[in-house]
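Since the model is a prediction, treat every value here as computed from it, not as a measurement. The sequence lines fix the lettering, A, B, ..., with proteins before strands; numbering per chain opens at 1.
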Protein chains: 4
Amino acid sequence: MTSTHRAVVRITGPDRPGIVSDVSGLLFKLGLNIHHADQHLDAEANLFFQRIEFPVPEGWERVRTELTKGLDALGMQHSLRVLSERLRVGVLISKHAHCGMDILDRHRTGELQCEVPVIISNHPDLGPEFTRRGYTFVHEPIAGNKAEQERRILARLAEERVDLVVLARYMQILTSGFVAAYPNRIINIHHSFLPAFAGAEPYRQAFRKGVKLVGATSHYVTEQLDEGPIIAQGVTRVSHRDTVADMERKGRDLERVVLAEAVRCHLEDRIIAYGHKTVVFE
Amino acid sequence: MTSTHRAVVRITGPDRPGIVSDVSGLLFKLGLNIHHADQHLDAEANLFFQRIEFPVPEGWERVRTELTKGLDALGMQHSLRVLSERLRVGVLISKHAHCGMDILDRHRTGELQCEVPVIISNHPDLGPEFTRRGYTFVHEPIAGNKAEQERRILARLAEERVDLVVLARYMQILTSGFVAAYPNRIINIHHSFLPAFAGAEPYRQAFRKGVKLVGATSHYVTEQLDEGPIIAQGVTRVSHRDTVADMERKGRDLERVVLAEAVRCHLEDRIIAYGHKTVVFE
Amino acid sequence: MTSTHRAVVRITGPDRPGIVSDVSGLLFKLGLNIHHADQHLDAEANLFFQRIEFPVPEGWERVRTELTKGLDALGMQHSLRVLSERLRVGVLISKHAHCGMDILDRHRTGELQCEVPVIISNHPDLGPEFTRRGYTFVHEPIAGNKAEQERRILARLAEERVDLVVLARYMQILTSGFVAAYPNRIINIHHSFLPAFAGAEPYRQAFRKGVKLVGATSHYVTEQLDEGPIIAQGVTRVSHRDTVADMERKGRDLERVVLAEAVRCHLEDRIIAYGHKTVVFE
Amino acid sequence: MTSTHRAVVRITGPDRPGIVSDVSGLLFKLGLNIHHADQHLDAEANLFFQRIEFPVPEGWERVRTELTKGLDALGMQHSLRVLSERLRVGVLISKHAHCGMDILDRHRTGELQCEVPVIISNHPDLGPEFTRRGYTFVHEPIAGNKAEQERRILARLAEERVDLVVLARYMQILTSGFVAAYPNRIINIHHSFLPAFAGAEPYRQAFRKGVKLVGATSHYVTEQLDEGPIIAQGVTRVSHRDTVADMERKGRDLERVVLAEAVRCHLEDRIIAYGHKTVVFE
């Protein structure tokens, strides 16, 4: 493993004097060369957050052991990952293809560095579109028994050793059992500027309300519908001229970009979720 | 009155075949030269909207009479105004000065073409700031009797023949009686992207929610708090780094711009409110 | 042909009194129901522009003849098209796939209503990517003779009866002969906010300059490189943290959206190019 | 001096292993509590940048001495300032009032924490506007001798111990002698998205070019006109409907916000200029 590989450490815990000094001292002692470092203090919650990126050095196995030991000794939550050890992403879709297509195009062009072992849908319609692109498409119909369908999906995701689930306009509400299987590892795209227009048909709600901007929100999925920690948001202008269909069209561009941004940040260990919020080290 | 003056006609009513032809024929017959024309069809509501701007011609008094007669004959709601007949604006403020200062700066530099005969506040603090700029400042304290305070404000606005009331961060909820006195003629700035974070302390709400954008909304005031027809909206990026105070600072820039945009559009007869929405001919 | 089909008339010419009345009268006389109408007056150039959209009525063939006759009589440039008579688009690419993929995804999901009979590239690399999606991919290498290569491309475009050529990051400068074959019918995406950073390697130029925003510009191609009439532009924030590679990544999202917007506007007859500029009726 | 005061350290120099550790160790040893820390590595130039903000502790005089000694020992360029020791700002204007008014409004409301001892103009027109607001206004006409006028301005700025010069639409090109007196301490607002439309009448240039966005750029002034390090930029949408006057109006909002952002960042020691670029720690 050469130095073109990058590793990322994330640290979270109660703030205390000297924490920055301790972490940077630890890395320096191990001969690690910080390329990017970003930190944040939530003064209200007294929580400290840090993300450090460095090239993987010679003799990585030994260094990794030492580094892990040192991080453990800090008494804080932490993660350590070499980014080239790619995460495995399962994509769930329904009938709207644009977000799924976009994620996969970014995968194919190398913009999203991950594996995509499986695409699962509750509808068969988009199967040919994705299989012809070389992906594995699985149709899991609900057929009146959603619990059973979710069980089958979870089994498949487990079998594929999926690390991250992306809901690319999957139009079903996941049960709490499903959500609990992937805490802060399911990313959804909601087609409004949350918390405005939570729930069904947000563009229709926006049209009725007469807003002058429509938005999209990517967030981790929690048990509370449309309430999970927000990762990224975008808006675009609309006017009285825009019908619901126009808003949907404009919104699709936002959905693509905002979802892809969230997935990229997750894949690069840039997000730390805590409580109802996220720290996103861009 | 020379041709550098501009007049604006606005028309609203149920759509019917030939309405565009009828209006343009009427103007042509009177020798009026359309400089800007904008129209809109709300297909769901079957409502037609039009705004036409033209230079005031020679012999305007006679033309105005003919034009009014012709507009009456269309069987639609309409308005006709020469923009240089400036509207009179009353500004209501509390303790936050930035929106009021901004409106008055734009007034002084000629960006907002109107008269500002009076500024009224429920607090005395900002009086010197505005009087030294040459404006009339009136302190109307609530002193436990809001009904009475509103009565005094309404009396003063009437006395000053105010056409438009601008709530430049006036932190009181107006009673329905006050609102009814100026239908679609009171503009408020709410410091969030409505309908998200209606009510009190929107930046604090936004901070708790962990949104990645904060917004501002200008709207006409109706009886329902923060529910009136939206005129303009803006958003700006925030991140986990931003405290409530940072959000307030970023938000102030939005509030200034979004409120000024709404006031300008109103002064230039660019807005037609209908139901809960607006048509804004920019 | 039923009333779900929409037709579009575009009119351009020297402004004169009564032109709006004449056009709307003509449409009314033929029983046409204006759904959208937009007009513009370039006061400096004394040029009038109009776009009118209406549902195709019963007995369209007869109406079309009458309408064309009426439009001819106006003495202005005009066009008339039924939008469901889809334009045929030829896509030219090189090695960057993202814009091409995006255009084709929008084609497949119905967002862009057109035919795409052929994709041509000066490199073979992306062939499999597009053929597996069901498109015809043609490799036309330059091989030291660009004139000859362009001749072959033009022949193929002619054979496919292509109406619009989209340069989806085609990294070759077209000769004036090629450009002349498709006046205002070749759309390019330039990866900067033109006129800043025209020419090669705009992101590198932007990085060196230390700008805080990067942009993308879609425009019609003219003989002057990067000087054709601008159709759409977008920008996104960058900071000192962004490397050239980061700017490229952020820019790709802009390129996708800004190119697609231009293509959609062209397909819906929303653009009128004149001189070095465009009127875009959104 | 209590702990509500904040101090800022900025460090710049060639990157070397252990620099982060050295700095954080130094601050920890002195008992300083890092509230914000931000760092940047320009990998191409091998330059390291850091900004650290901490509350001023008890016994500050002694700590300051120790800290300065420690920073000196790092062998890097550095600055140390307590933010409540306010910078003194001289504002230069001509005939456009909006940027100057905006800066002063933000000064009055406490948004910009600084002193504004003097406003200088080459025109007398805006004098009453600023004196009535309680500011000292000085008219320094050019009267055919610009060198002499600049000498008088420099003398006055020196007399007022000005730290930062803000060109709030000052429509004169400063000589290199003037610029050299305040290196990276003169902030200008240019009314375009630089490097597009440098030089005179940028909105007219933008109108002729037919761009779909107009911008504003704040930058430090260097000898090369409109070429100094960029601090902040903004853009807003325009269309074929916008005349030069409309662009000017839309641009004024950008100018206000973008200039104020640059001034705020300078006052809070957030900017490090190097070469032709800036690092801005927001």
Side-chain angles (χ1 to χ4, degrees), chain C residues 38-45 47 49 192-198 202 204-220 227-245 258 261-262 270-282, chain D residues 38-45 47 49 192-198 202 204-220 227-245 258 261-262 265 271-282:
Chain C
D38 219 337
Q39 66 194 63
H40 174 61
L41 176 65
D42 182 329
E44 280 195 18
L47 279 172
F49 304 87
S192 86
F193 178 74
L194 287 173
F197 310 130
R204 184 156 291 280
Q205 291 183 57
F207 177 80
R208 283 209 192 103
K209 179 70 187 168
V211 289
K212 303 301 186 186
L213 299 167
V214 292
T217 303
S218 56
H219 63 93
Y220 285 123
E227 287 285 328
I230 293 171
I231 304 168
Q233 297 190 291
V235 295
T236 196
R237 285 163 48 110
V238 292
S239 78
H240 60 269
R241 295 180 186 282
D242 290 296
T243 61
V244 174
V258 168
E261 175 72 5
R270 296 185 175 279
I271 314 174
I272 302 175
Y274 73 112
H276 300 303
K277 299 169 70 166
T278 60
V279 169
V280 182
F281 291 120
E282 284 172 82
Chain D
D38 219 337
Q39 64 194 66
H40 174 59
L41 176 65
D42 182 328
E44 279 194 19
L47 278 172
F49 304 87
S192 86
F193 177 74
L194 286 173
F197 311 129
R204 184 155 291 281
Q205 291 183 57
F207 177 79
R208 285 208 191 105
K209 179 70 188 168
V211 289
K212 303 301 185 186
L213 299 167
V214 293
T217 303
S218 56
H219 63 93
Y220 285 123
E227 287 285 327
I230 292 170
I231 304 168
Q233 298 190 290
V235 295
T236 196
R237 285 163 49 111
V238 293
S239 78
H240 58 269
R241 296 181 184 281
D242 290 297
T243 61
V244 174
V258 168
E261 175 71 6
C265 286
I271 314 175
I272 301 175
Y274 72 113
H276 300 301
K277 301 170 69 166
T278 60
V279 169
V280 182
F281 290 120
E282 283 173 82

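- Interatomic distance, D:T278 OG1 to C:K212 NZ, rounded to the nearest 0.5 Å: 3.0 Å.
- In terms of non-hydrogen atom pairs under 4.5 Å with chain D, the most contact-rich of C:A198, C:A206, C:P195, C:S239 is C:P195.
- Taking CG from D:L213 and CG from C:L194, the interatomic distance works out to 11.5 Å, rounded to the nearest 0.5 Å.
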| query | Could you go step by step and tell me if D:H240 and C:F49 meet the ring pair (Phe, Tyr, Trp, His ring centres under 6.0 Å) rule? | reply | CA-CA 11 Å; D:H240 58 269; C:F49 304 87; 7.8 Å; no

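- Of the residues considered (D:T217, D:V211, D:L41), D:V211 shows the highest number of contacts with chain C, using heavy-atom pairs under 4.5 Å.
- In this structure, the portion of C:I231 lying under 4.5 Å from any heavy atom of chain D is its backbone and not its side chain.
- Interface remark: C:E44 contributes side-chain atoms only to the contact with chain D (heavy atom separation under 4.5 Å).
- Residue contact with chain D, scored on non-hydrogen atoms closer than 4.5 Å, involves the side chain of C:R237 exclusively.
- Note on D:D42 versus C:R241: no salt bridge recorded, every NZ/NE/NH1/NH2 to OD/OE distance being 4.0 Å or above.
- Residues meeting the side-chain contact (heavy atoms from CB on, under 4.5 Å) test with C:E261, sequence neighbours left out: A:R249, C:A232, C:R264, C:C265, C:E282.
- C:K209 places no side-chain N or O within 3.5 Å of a backbone atom of D:K277 that could act as its donor or acceptor partner.
- For C:Y274, no part lies near chain D; criterion is any non-hydrogen pair under 4.5 Å.
- With values rounded to the nearest 0.5 angstrom, C:R208 atom CZ is found 11.0 Å from D:H276 atom NE2.
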